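Structure first, then comments.
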2 protein chains.
Amino acid sequence: MAYRETVRVRERKIAQRQALLAAAESLVREGGFAALTVQALALRAGVGVGTVYRYFDAKDQLAAEVFRVATEREVAAVRSALEGDGPVATRLAATIRLFSLRALRAPRLAWALIAEPVDPAVDEARLIYRAAYRDAFQALIDHGIRQGELPPQPSQLVAAALVGALAEALTGPLASNTGNDDLIAGITIFCLRATGLAGSCIEEQPDKGEPHEHAHIAPR
Amino acid sequence: MAYRETVRVRERKIAQRQALLAAAESLVREGGFAALTVQALALRAGVGVGTVYRYFDAKDQLAAEVFRVATEREVAAVRSALEGDGPVATRLAATIRLFSLRALRAPRLAWALIAEPVDPAVDEARLIYRAAYRDAFQALIDHGIRQGELPPQPSQLVAAALVGALAEALTGPLASNTGNDDLIAGITIFCLRATGLAGSCIEEQPDKGEPHEHAHIAPR
DNA sequence: TAAACAAGTGAATCATTATTCCGATCTTCA
DNA sequence: TGAAGATCGGAATAATGATTCACTTGTTTA
């Protein structure tokens, strides 16, 4: 026997795999999953197409992994905002703001994760992604209901609707016409109202001052 | 000269074109646009693939037309509900109900129209589709604001968010676990609240009876 | 250094679909 | 009926992009 993988080689392989994933994600950031072809990836990463297959069994698997990694990063960021403490309204507003800022900063990626058409292998991952967001919002809503800060409501459904509203407002007819701040403020108040927060909707929390200033409740 | 198209032939051609479109739509209803291949269409319609090209210049054009026809039918149905008269809350609720019922009755089609990834030619049509819904909702919201039935709000943004919420709630983590009626009721109240309607949020419309029965306002 | 094995390469191959094309079939009308 | 003109059919072709494979280039250890 004359060859056994050394640590140095192992590390280089790990680094290579990471480099391929990073290159793949950069392609997705620029042009969505449609831009992620094996040829383009090999070119971007400066390797031959065959090399890609030394690190990933199939294109599907690669795409799914890119999706999963990006997803986990996004969801973790959002979840940390949801899981703070403080009143539900504050946390919800902070979360929406964070979600929105991230989506607006990397719109192509957001679109790829949320809405781009992809092959089935990735779609499965997408369900998980959406469900992760939904679950995170749902947890907050359930908490709010228990605390009496929110009226009773079907939390899973409402959470899904919130995710949909955010996705459409942020990736749909892209908000290039409004300033980002206005956009986020608008979405925030929409979501607060939709859950029964925002202004005068909660009886347990009597109005102080401003009798009906819906349109100017600051989103944070 | 010995041949000139007769009425009978013209009618047969028109019928054939319709038949092809119908077959195409049935494929989309079953498996989304991904299932709409020229081969499958020819098979379904009982013709040769060449025949398809006698009626449509290209697959893109065919797909876009299927999309457009289905879209127009759906949007027209929804718009008629939006454009009735009566209080904004009633109309909004009726519209949501209609939209939801249609989507739930043909989930694959709804998904294909709203969310499925497709080629660019169709995507352009999709923007129109979403925009059509958004515009219809926006018109109602603007009306409500002018009438003082709704608080001031960025109507275009809110309309987009409503479309997104409906789309996600109806086509996302499919609502097979809840009964349709509960689902629609939940979505309705979500949308009413989100726009500043629903129960106690409107001052011009003082509460009668039920002080805070958010969860049971009947959707219609 | 040389044998043994692994990683890298990219042209060739495969798979999937749209699209073409030409002979077969049907319609019209003198 | 038969010539003219049009549609039908479906195998052949084209285009795109994933996957393979025979080969070259490292890496490791005796």
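These figures come from a predicted structure and were not determined experimentally. Every chain is numbered from 1 and lettered A, B, ... according to where its sequence line falls, protein lines coming before strand lines.
Among residues at least two apart or in separate chains, side chain to side chain donor-acceptor pair (under 3.5 Å) pairs with a member in residues 99-114 of chain A are E74(A)-R102(A). Sorted by first then second residue, the ring pair (Phe, Tyr, Trp, His ring centres under 6.0 Å) pairs that include residues 112-141 of chain A, not counting sequence neighbours, are F67(A)-Y129(A), F99(A)-Y133(A), Y129(A)-Y133(A). Applying the salt bridge (Lys or Arg N to Asp or Glu O under 4.0 Å) test to residues at least two apart or on different chains, none of the pairs has a partner in residues 75-91 of chain A.
Remark on the helix from dT1(C)-dA30(D) to dA30(C)-dT1(D): inter-end axis angle 10°, axes from five-pair C1' superpositions, rounded to 10°.
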Donor-acceptor pairs under 3.5 angstrom involving side-chain atoms of residues 16-31 of chain B: please list them, not counting sequence neighbours.
unit_1 : atom_1 : unit_2 : atom_2 : d
R17(B) : NH1    : E65(B) : OE2    : 2.9
R17(B) : NH2    : E65(B) : OE1    : 3.3
E25(B) : OE1    : R73(B) : NH2    : 3.2
E25(B) : OE2    : R29(B) : NE     : 3.1
E25(B) : OE2    : R29(B) : NH2    : 2.9
E25(B) : OE2    : R73(B) : NH2    : 2.6
S26(B) : OG     : A23(B) : O      : 2.8
S26(B) : OG     : R44(B) : NH1    : 2.7
E30(B) : OE1    : R44(B) : NH2    : 3.0
E30(B) : OE2    : R44(B) : NH1    : 3.2

Contact letters for nucleotides 15-21 of chain D, in which S counts primed atoms plus P, OP1 and OP2 and B counts the base, heavy atoms under 4.0 Å = ---BBB-
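For V49(B), the side-chain contact (heavy atoms from CB on, under 4.5 Å) test picks out V38(B), Q39(B), A42(B), with sequence neighbours left out. The side-chain contact (heavy atoms from CB on, under 4.5 Å) check on A63(B) picks up F33(B), L36(B), V122(B), with sequence neighbours excluded. Partners of R10(B) under the salt bridge (charged side-chain N to carboxylate O under 4.0 Å, His left out) rule, at least two apart in sequence or in another chain, are E5(B). Checked against side-chain contact (heavy atoms from CB on, under 4.5 Å), A81(A) has the following partners two or more places apart in sequence or in another chain: T95(A), L98(A). Legend: residues meeting salt bridge (charged side-chain N to carboxylate O under 4.0 Å, His left out) with R146(A), ordered by chain and number and at least two apart, are absent.
Across residues 10-30 of chain B, not one residue has a non-hydrogen atom less than 4.0 Å from an atom of DNA chain C.
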